[in-house]
Amino acid sequence: VNKFLGLTLFFMVILVALLFTTGCATEQVVGEEQPAEEVLEEAGTLVFTANGEEFIRDGFVCKDGWELNFDHAYVTLASVSAFQTDPPFDTEMGWEFEDLVQVRVDLAGVHTVDLADPEADPALVGEAAAVPAGRYNAIYWEMVRASAGPAEGYVVLLAGTAEKDGEIVKFSLGLDREVAYLGGEYVGDERKGILQDGGSADLEMTFHFDHLFGDFGEAPDDEINLEALGFGPLAALAVEGTLEVSLSDLETMLAADDYELLLAVMTHLAHVGEGHALAEFLD
Amino acid sequence: MKKTKDSLALLGRISILSGLILLIFPLLASAHGVDITAVPVNAVEIVALYDSGQPMAGGQVAVYAPDEPLEPWLTGTCDQEGRFFFIPDYSRPGLWEIQVRLAGHGDLIRLEVTAAEEALASDPGGLTLLQKVVMALVVSWGAVGTALYFSRRQS
């Protein structure tokens with residue numbers, strides 16, 4: 001009898017031990033960390049593009065009722081780099097993100113593209129072939145003064161026609177202060193920057209010119225219009241229906257508040273899709 | 001004898017009829033029935049606001065699972081307060097991405113989803129099926145052992 005009782009107790013101890021063991025095993029599974037992102041290996045091609053969106057390609061009515069159409073919208077880009085970071089970069093992390101970088105891909109050269117070209121949907125800036133596959137979740141670029149070509153001397157050159165109530169102004173607006181931008185992952189109706197083995201992935205530098213001129217389609221007190229210059233202050237500077245000015249000229253020609261507004265616009269002109277980018281003047 | 005046969009035949013018909021009623025009744029009942037269950041789960045609440053603090057009412061939401069970053073796992077729309085609720089698939093732990101966009105403005109946030117949250121969501125008691133089976137075995141073995149022990153002592 002004692003032997004049977006002992007055997008019973010022995011089995012109960014074993015089963016209780018098993019119970020605890022399974023409990024511990026479950027906790028280990030629960031605590032196991034899985035890869036945060038899809039593991040992509042090998043190499044592919046990164047395609048760098050720039051996009052001025054329909055505002056620039058098709059024209060639009062700005063906040064003060066001027067209808068703008070663009071013949072050219074040149075931007076000159078340099079020091080373009082894409083990054084894979086861990087954890088994924090977010091602009092709230094700020095500029096100091098070097099410690100997070102796992103992979104960096106540089107696009108050599110200085111590139112001037114015309115965002116008003118109807119074919120620039122988006123405009124090709126350049127390609128980097130045989131680069132590591134993975135998720136490129138940060139992009140850095142600089143807008144620099146073009147050293148040659150139609151946009152020489154400017155980081156952005158907008159040329160076109162503005163019309164309001166029968167008044168027509170042919171304009172050429174050149175921005176000549178260089179700016180650096182740092183953005184995160186593309187925000188939009190498709191995913192970009194996810195490069196799979198043997199494939200290609202786009203990385204887009206997006207420019208929102210409605211931030212400069214405002215949008216008549218939005219309410220006057222909408223943020224986009226409150227923070228935009230509009231075209232009215234520029235139209236007031238036109239001589240015989242023509243306006244050819246640079247940012248440097250405007251420092252003395254515009255009201256101080258308007259000039260400050262224009263400088264501020266340059267720091268939130270660039271996006272990655274609809275996601276804002278960090279910005280700082282280089283000069 | 002004939003009476004017995006008739007009685008058996010009647011009993012058989014009643015049995016078949018009863019069986020049919022029993023089969024059909026639940027079907028009839030379920031046609032207009034309502035079955036409500038309530039299970040607490042771990043949901044995610046998103047609140048999307050413009051920098052000004054204004055809610056992104058009607059903002060388009062796209063949720064991406066960590067193992068399928070190219071296609072949205074879920075899409076939806078923010079309510080008037082800019083809120084959106086969803087329950088992640090806890091069997092796909094990792095970094096989930098949530099994108100909210102409206103009229104040219106948008107942002108993307110990331111949310112770490114762990115299997116621990118799954119356990120909490122699916123079984124608030126914290127016991128797995130295996131653990132429950134082992135517990136039942138322990139109790140059964142204890143009961144049988146105790147019974148055998150006393151039966152031996154009596155004999």
Side-chain angles (χ1 to χ4, degrees), chain A residues 1-2 4-5 7-9 11-16 18-23 25-27 29-40 53 55 87-88 90-92 135 137 184-191 193-194 196 208 210-211 215 217-218 222-224 226 271-276, chain B residues 50-52 54 60 62 64-72 90 92-97 99-110 112-120 123 126-142 144-146 148-150 152-153 155:
Chain A
V1 170
N2 284 340
F4 184 80
L5 182 61
L7 200 62
T8 304
L9 286 171
F11 272 105
M12 288 187 74
V13 168
I14 293 293
L15 284 169
V16 169
L18 262 174
L19 176 68
F20 277 100
T21 309
T22 53
T26 304
E27 281 174 17
V29 171
V30 166
E32 266 183 10
E33 287 199 3
Q34 301 292 324
E37 295 172 350
E38 189 178 33
V39 177
L40 305 167
E53 302 188 315
F55 287 113
D90 188 290
T91 51
E92 289 183 1
R135 294 190 64 170
N137 43 38
E185 195 156 320
Y186 180 86
V187 176
D189 56 4
E190 58 183 311
R191 306 309 300 272
I194 301 174
Q196 303 197 48
H208 290 192
D210 55 331
H211 285 228
D215 184 353
E218 300 293 337
D222 190 282
E223 200 173 348
I224 193 75
L226 292 175
H271 295 67
V272 181
E274 293 169 9
H276 283 263
Chain B
Y50 290 111
D51 289 342
S52 62
Q54 189 182 355
Q60 295 175 310
Y64 296 88
D67 55 350
E68 196 178 1
L70 288 170
E71 294 297 326
Y90 288 102
R92 299 162 81 173
L95 212 53
W96 287 62
E97 294 177 306
Q99 181 178 270
V100 184
R101 304 163 52 221
L102 184 65
H105 302 275
D107 204 356
L108 181 144
I109 60 166
R110 299 177 177 91
E112 183 76 36
V113 170
T114 65
E117 289 167 270
E118 175 195 13
L120 186 63
D123 188 357
L127 291 176
T128 65
L129 181 64
L130 182 61
Q131 285 174 308
K132 286 173 183 171
V133 168
V134 171
M135 282 184 74
L137 281 171
V138 168
V139 172
S140 304
W141 182 258
V144 169
T146 306
L148 286 172
Y149 173 69
F150 282 109
R152 279 234 175 170
R153 281 191 70 172
S155 65

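Residue numbers begin at 1 in each chain, while the letters A, B, ... track the order of the sequences. Heavy atoms only: backbone and side chains are in, while hydrogens, waters and symmetry mates are out.
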Novice: Taking side chain to side chain contact (heavy atoms under 4.5 Å, CB included) as the test, write out the residues that go with Gln54(B), two or more places apart.
Specialist: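 Gln54(B) satisfies side chain to side chain contact (heavy atoms under 4.5 Å, CB included) with Tyr50(B), Ser52(B) once adjacent residues are dropped.
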
Novice: Under a 4.5 Å cutoff for heavy-atom pairs, which residue among Gly273(A), Gly184(A), Gly188(A) has the most contacts with chain B?
Specialist: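 Maximum pair count with chain B is reached by Gly188(A).
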
Novice: Please verify the inter-ring angle class for His105(B) with His211(A); under 30° counts as parallel, over 60° as perpendicular, anything in between as tilted.
Specialist: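 If you compare the ring of His105(B) with that of His211(A), the planes turn out tilted.
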
Novice: Heavy-atom distance under 4.5 Å between the side chains of Glu274(A) and Leu102(B), does that happen here?
Specialist: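 In short, these two side chains do not touch, never coming nearer than 4.5 Å.
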
Novice: Where on His271(A) is there a heavy atom nearer than 4.5 Å to chain B: the side chain, the backbone, both, or neither?
Specialist: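 Neither part; nothing is under 4.5 Å.
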
Novice: Tell me, please, which residues at least two apart from Glu53(A) pass salt bridge (Lys or Arg N to Asp or Glu O under 4.0 Å).
Specialist: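 Salt bridge (Lys or Arg N to Asp or Glu O under 4.0 Å) check on Glu53(A) returns nothing, list empty.
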
Novice: Could you pull out the closest heavy-atom pair between Val187(A) and Asp107(B), with the gap in Å?
Specialist: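 Minimum heavy-atom separation between Val187(A) and Asp107(B): CG1-N, 3.8 Å.
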
Novice: Is it true that Arg191(A) and Glu68(B) have a side-chain N and a carboxylate O under 4.0 angstrom from each other?
Specialist: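 No.
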
Novice: Taking every heavy-atom pair that is under 4.5 Å apart, which of Ala62(B), Gly106(B), Pro72(B), Ala65(B) has the most such pairs with chain A?
Specialist: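 Most heavy-atom pairs under 4.5 Å with chain A: Gly106(B).
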
Novice: I'd like to check Asp189(A) versus Arg101(B) (side-chain heavy atoms, cut-off strictly below 4.5 Å). Are they in contact?
Specialist: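 Contact flag for Asp189(A)/Arg101(B) side chains = yes.
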
